Amino acid sequence: MGSDHHHRKLHVMFFPFMAYGHMIPTLDMAKLFSSRGAKSTILTTPLNSKILQKPIDTFKNLNPSLEIDIQIFDFSCVELGLPEGCENVDFFTSNNNDDRNEMIVKFFFSTRFLKDQLEKLLETTRPDCLIADMFFPWATEAAGKFNVPRLVFHGTGYFSLCAGYCIGVHKPQKRVASSCEPFVIPELPGNIVITEEQIIDGDGESDMGKFMTEVRESEVNSSGVVVNSFYELEHDYADFYKSCVQKRAWHIGPLSVYNRGFEEKAGRGKKANIDEAECLKWLDSKKPDSVIYVSFGSVAFFKNEQLFEIAAGLEASGTSFIWVVRKATDDKEEWLPEGFEERVKGKGMIIRGWAPQVLILDHQATGGFVTHCGWNSILEGVAAGLPMVTWPVGAEQFYNEKLVTQVLRTGVSVGAKRHVKVMMGDFISREKVDKAVREVFAGEAAEERRRRAKKLAAMAKAAVEEGGSSFNGLNSFMEEFSS
Ligand code: UDP
């Protein structure tokens, strides 16, 4: 950085929503900025700081001269009407879905109480900018009081942002006869087909609907948007977004690929419920591109009947698999077909709880990914060059599915029809699981999908290298906010 000596260091504050799908990419982003010479500060609550401290220590040990820190805000759960210590979506594990849903909604609204602390901190520290999560719409106003530019981090890609925008403006769902009748999303490039059951109905009068309106308004009033994506992946949608939705957008991803070594890849989220080295050794014993990795992210739960069908479908497909099963802590195990684990021994591995996902995806034996289409998972799958079985459950995951199946054409849909409110998922039979998994591995179409997926992986890596689209995106962002 020689000639930059006389410049003051850029100070960027990051404020992630407290859920793994938001904290993980934000942590990657903070590390990235710091590795390019900025000072990064991550704002979070006491228990979440414990989650982030370990990967930050790892990063600091590897890069002793770089600056990255955590600033802790109080979060009095009990006073806010939340169970003690529930500072992260992950901590809401009730087996009762109505309870869980109600608590998570309450948690969403409780974060507003962090606003005063944010304002005090901005007043005393005056960072160069604040990259705050979309779920903190009030951060725009807080930052505005002290002339700190507020940027929005949605955690999702351009495609879903554009799809949501077009549906919000044109309301095509109002013109179909039934909620399962397919329609083309107006104005959105690519003639993307979707149904009402799969979209996020943002203009409802519900508390959540009003909240989403506030989220959109805060984006309009913000200084711009930082996107975890790369231009080559969704260029039509990056262009559309910048010309029709929000001019000021910078893409700097895929963020997961900045984690290079074993330690960094293994340590991004929770402690894995399996020895990472054991898991990799198991994969070492498998042929290249022969194993399917099955995961539904950090929030979705399935009912026992659904888990049973997944097990039966995987077994019927005859494919080697690693299947991550997330269950409510108080649930007893009655979800596996009888004798299942015995029968699939050596062929299939079940990880109960948390898997070292990026390590598994990046292993050469992994050849496919059954995913709930969370954006981080999609990008991690793209960066690993994998064809996918798309199985969206909730949030914006159906939009992400359409990108994979209709634009990138690297995925086979399992056939989930409906967005299900409490992240429980639409019921899918074993036959559908079996069929989709087979389709990813066999036949000419499968080979083409795999070829396209590998090409995208190469583009993803090039994007973050010096001179790549995301590398340049970060440069221009840093220049913009340094002055
Ligand atoms: N993840 C993981 N192990 C697991 C489950 C999830 O490492 O067992 C990570 C995954 O690699 C991704 C994030 O958690 O980075 C999940 O984010 P995503 O956007 O895919 O889905 P969400 O959890 O937000 O629904």
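What you see is a predicted model, and the numbers here were worked out from it, not measured in a lab. Just so you know, ligand 1 is whichever comes first in the structure, and atom 1 is the first atom listed for that ligand.
- Checked for salt-bridge contact, K417 and E197 miss the test: no charged N lies under 4.0 Å from a carboxylate O.
- Taking every heavy atom of G21 and a limit of under 4.0 angstrom, the matching atoms of ligand 1 come to 17 (O), 24 (O).
- Near G374, meaning under 4.0 Å from one of its heavy atoms, ligand 1 places the atoms 18 (P), 19 (O), 20 (O), 21 (O).
- Using a cut-off of 4.0 Å between Lys/Arg side-chain N and Asp/Glu carboxylate O, D69 and K60 are scored as salt-bridged.
- Within the listing of ligand 1, atoms 10 (C), 11 (O), 12 (C), 15 (O) sit less than 4.0 angstrom from a heavy atom of E380.
- Salt-bridge check for R430 with D434: failed, with every basic side-chain N at 4.0 Å or more from each acidic carboxylate O.
- Within a 6.0 Å sphere centred on NZ of K286, heavy atoms belonging to other residues, nucleotides or ligands number more than 12.
- Here's the thing with Y20: none of its N/O atoms is less than 3.5 angstrom from an N/O atom of ligand 1.
- The shortest separation from a heavy atom of K270 to ligand 1 is not under 4.0 Å, leaving the residue out of contact.
- Listed by atom number, the atoms of ligand 1 under 4.0 Å from V324 heavy atoms are 8 (O).
- Numbered from 1 in the order shown, with element, the atoms of ligand 1 that lie under 4.0 Å from a heavy atom of A355 read 2 (C), 3 (N), 4 (C), 7 (O), 8 (O).
- Residue pairs meeting the salt bridge (charged side-chain N to carboxylate O under 4.0 Å, His left out) criterion with at least one member in residues 258-272, sequence neighbours excluded: D28-R268, K31-E264, D90-K270, K265-D362, R268-E380.
- Contacts between N376 and ligand 1, counted as non-hydrogen atom pairs separated by less than 4.0 Å, involve both the backbone and the side chain.
- Here is the list of ligand 1 atoms found below 4.0 Å of a heavy atom in W375: 19 (O).
- Annotation: ring pair (Phe, Tyr, Trp, His ring centres under 6.0 Å) contacts involving residues 305-325, sequence neighbours excluded, comprise W323-W335.
- No donor-acceptor distance shorter than 3.5 angstrom exists from the side chain of R326 to the backbone of R352, with no hydrogens or angles considered.
- For ligand 1, the polar-atom distance check against S295 finds no nitrogen or oxygen pair separated by under 3.5 Å.
- Residue H22 does not touch ligand 1, judged by heavy-atom distances below 4.0 Å.
- Relative ring orientation between F159 and Y237 is described as perpendicular, the plane-to-plane angle rising above 60° on a 0-90° scale split at 30° and 60°.
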